[in-house]
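For the numbers below, each heavy atom of this structure counts, side chains included, while hydrogens, waters and symmetry mates do not. By convention here, the first residue in the shown sequence is residue 1.
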Amino acid sequence: MYDCLIKTVRSEGFFGMYRGAAVNLTLVTPEKAIKLAANDFFRNVLSQEGKELSLVREMLAGCGAGTCQVVVTSPMEMLKIQLQDAGRLATQKVVGGEAAAVVPPPQRPSALLIARDLLRTQGISGVYKGLGATLLRDVPFSIIYFPLFANVNKLGQKSPQQKAPFYHSFIAGCFAGSVAAVAVTPLDVLKTRIQTLKKGLGEDTYNGIMDCARKIWSNEGPAAFMKGAWCRALVIAPLFGIAQVVYFIGIGEYVLGYFK
């Protein structure tokens with residue numbers, strides 16, 4: 001992780017670390033809104049009056065939330081990956097089959113340009129390339145995350161009618177997010193490889209999820225499926241910790257109160 005940080009800053013500058021930030025800022029809000037609201041909706045639908053949700057029902061609610069969110073997540077991830085990978089590809093000047101020199105990228109791609117090209121050449125299916133792999137990652141993530149968060153957060157409640165303190169919800173979100181993120185890292189590796197449109201020198205191309213898994217296993221070994229696990233945990237933990245605190249405290253409801 002540290003080696004990647006140093007090399008990225010050297011070749012692309014400090015702001016190279018923020019490639020894809022605009023896509024995240026634009027689409028992560030509706031993604032989290034769908035994910036959290038859908039989970040609450042399915043928990044309400046699956047609840048039985050006077051009884052707490054069983055673990056199986058909590059997992060089913062998480063499954064529903066993960067399925068709903070990919071409407072936004074899949075194109076967001078698709079565009080973000082192209083932007084984040086563009087610097088690596090653009091700064092390689094290949095001479096004689098090897099990266100002999102590093103040169104500044106001739107043109108920085110934008111999310112709008114990538115989306116427009118995909119829609120023009122491949123239609124809506126181009127933007128949703130890797131949808132199956134995204135579902136394969138996000139559904140198990142939500143199945144793990146939401147029941148784990150709910151049960152850890154429950155430990156901070158003095159009574160069933162009271163909410164847990166905001167710091168307990170934050171810790172519960174961080175813990176559940178990091179556990180779920182590490183657990184589905186192999187699926188995230190598959191999704192990222194499939195959604196990377198432009199390949200570097202000597203990199204494999206993949207024809208679906210099974211082909212991707214087989215080539216990674218044979219060419220890089222089983223350890224390759226856990227690449228980036230700790231990076232994901234470092235990102236996902238505070239992301240979900242903050243999101244759950246905002247959601248549970250009811251900041252959204254407080255803001256909406258001014259528009260009534």
Side-chain angles (χ1 to χ4, degrees), residues 27-77 128 131-188 191 209 232-233 235-260:
L27 296 179
V28 79
T29 302
E31 180 210 19
K32 289 295 173 284
I34 292 169
K35 191 184 191 84
L36 295 172
N39 179 66
D40 270 4
F41 171 77
F42 287 116
R43 286 177 71 91
N44 186 55
V45 169
L46 293 168
S47 64
Q48 297 174 321
E49 193 167 340
K51 294 183 180 180
E52 289 190 358
L53 277 180
S54 65
L55 180 60
V56 172
R57 287 174 182 263
E58 287 182 329
M59 293 171 70
L60 284 173
C63 177
T67 304
C68 290
Q69 78 168 76
V70 297
V71 175
V72 174
T73 305
S74 190
M76 179 184 76
E77 291 280 317
Y128 278 91
L131 176 63
T134 307
L135 274 168
L136 194 63
R137 180 198 67 172
D138 288 350
V139 170
F141 178 94
S142 295
I143 289 174
I144 296 168
Y145 172 78
F146 282 111
L148 184 57
F149 169 77
N151 285 281
V152 173
N153 191 61
K154 198 182 297 180
L155 298 175
Q157 295 176 281
K158 293 181 179 179
S159 70
Q161 290 73 34
Q162 288 182 306
K163 289 184 178 181
F166 78 92
Y167 60 84
H168 189 91
S169 293
F170 175 76
I171 293 170
C174 288
F175 173 72
S178 59
V179 170
V182 172
V184 302
T185 294
L187 304 174
D188 184 65
K191 182 198 72 66
I209 296 170
R232 275 180 53 76
V235 171
I236 297 296
L239 173 66
F240 277 89
I242 294 167
Q244 289 289 180
V245 167
V246 171
Y247 192 67
F248 264 69
I249 289 177
I251 292 176
E253 289 86 344
Y254 179 78
V255 172
L256 287 173
Y258 284 99
F259 296 95
K260 291 181 180 180

State, to 0.1 Å, how close Tyr128 and Val71 come at their nearest heavy-atom pair, and which atoms those are.
OH-O, 2.6 Å
Considering all heavy atoms of both residues, which atom of Thr67 and which atom of Cys63 are nearest to each other, and what is their separation?
OG1-O, 2.8 Å
Between atom CZ of Arg43 and atom CZ of Arg57, what is the distance when rounded to the nearest 0.5 Å?
12.0 Å
Work out which heavy atom in Leu187 is nearest to a heavy atom in Pro140; give both atom names and the distance.
CD1-CG, 4.0 Å
Any side-chain to backbone donor/acceptor pair from His168 onto Lys154? Under 3.5 Å, distance only.
no
Where Asn44 and Ser47 come nearest, the two heavy atoms and their spacing:
O-OG, 2.8 Å
Lys163 side, atom NZ; Ser169 side, atom OG - distance, nearest 0.5 Å:
8.5 Å
Which donor-acceptor pairs under 3.5 Å do side chains of residues 235-252 form with protein atoms, sequence neighbours excluded?
residue: Gln244; atom: OE1; partner: Tyr145; partner atom: OH; Å: 2.8
residue: Tyr247; atom: OH; partner: Leu36; partner atom: O; Å: 3.4
residue: Tyr247; atom: OH; partner: Asp40; partner atom: OD2; Å: 2.7

For Phe141 and Ala181, which heavy atoms make the closest approach, and how far apart are they?
CE1-N, 3.6 Å
pair Thr73-Lys35: side-chain heavy atoms closer than 4.5 Å
no
For Pro147, does its backbone N or O pair with a side-chain atom of Asn151 as donor and acceptor, under 3.5 Å?
yes
Atom CZ of Phe42 and atom SG of Cys68: how far apart are they, to the nearest 0.5 Å?
4.0 Å
Can you tell me how far the NZ atom of Lys191 sits from the OG atom of Ser74, to the nearest 0.5 Å?
7.5 Å
Distance, nearest 0.5 Å, that separates OG1 of Thr134 from CG of Asp188
9.0 Å
Closest non-hydrogen contact found for Gln162 with Gln157 is O-NE2, 2.7 Å
Expected output: side-chain Ser142 to main-chain Val139 donor-acceptor under 3.5 Å:
no
Identified side-chain contact (heavy atoms from CB on, under 4.5 Å) counterpart of Lys32 within the set Val28, Ile34, Thr29:
Val28
Supply the atom-to-atom distance Glu58 CD to Ile143 CD1, rounded to the nearest 0.5 angstrom.
12.5 Å
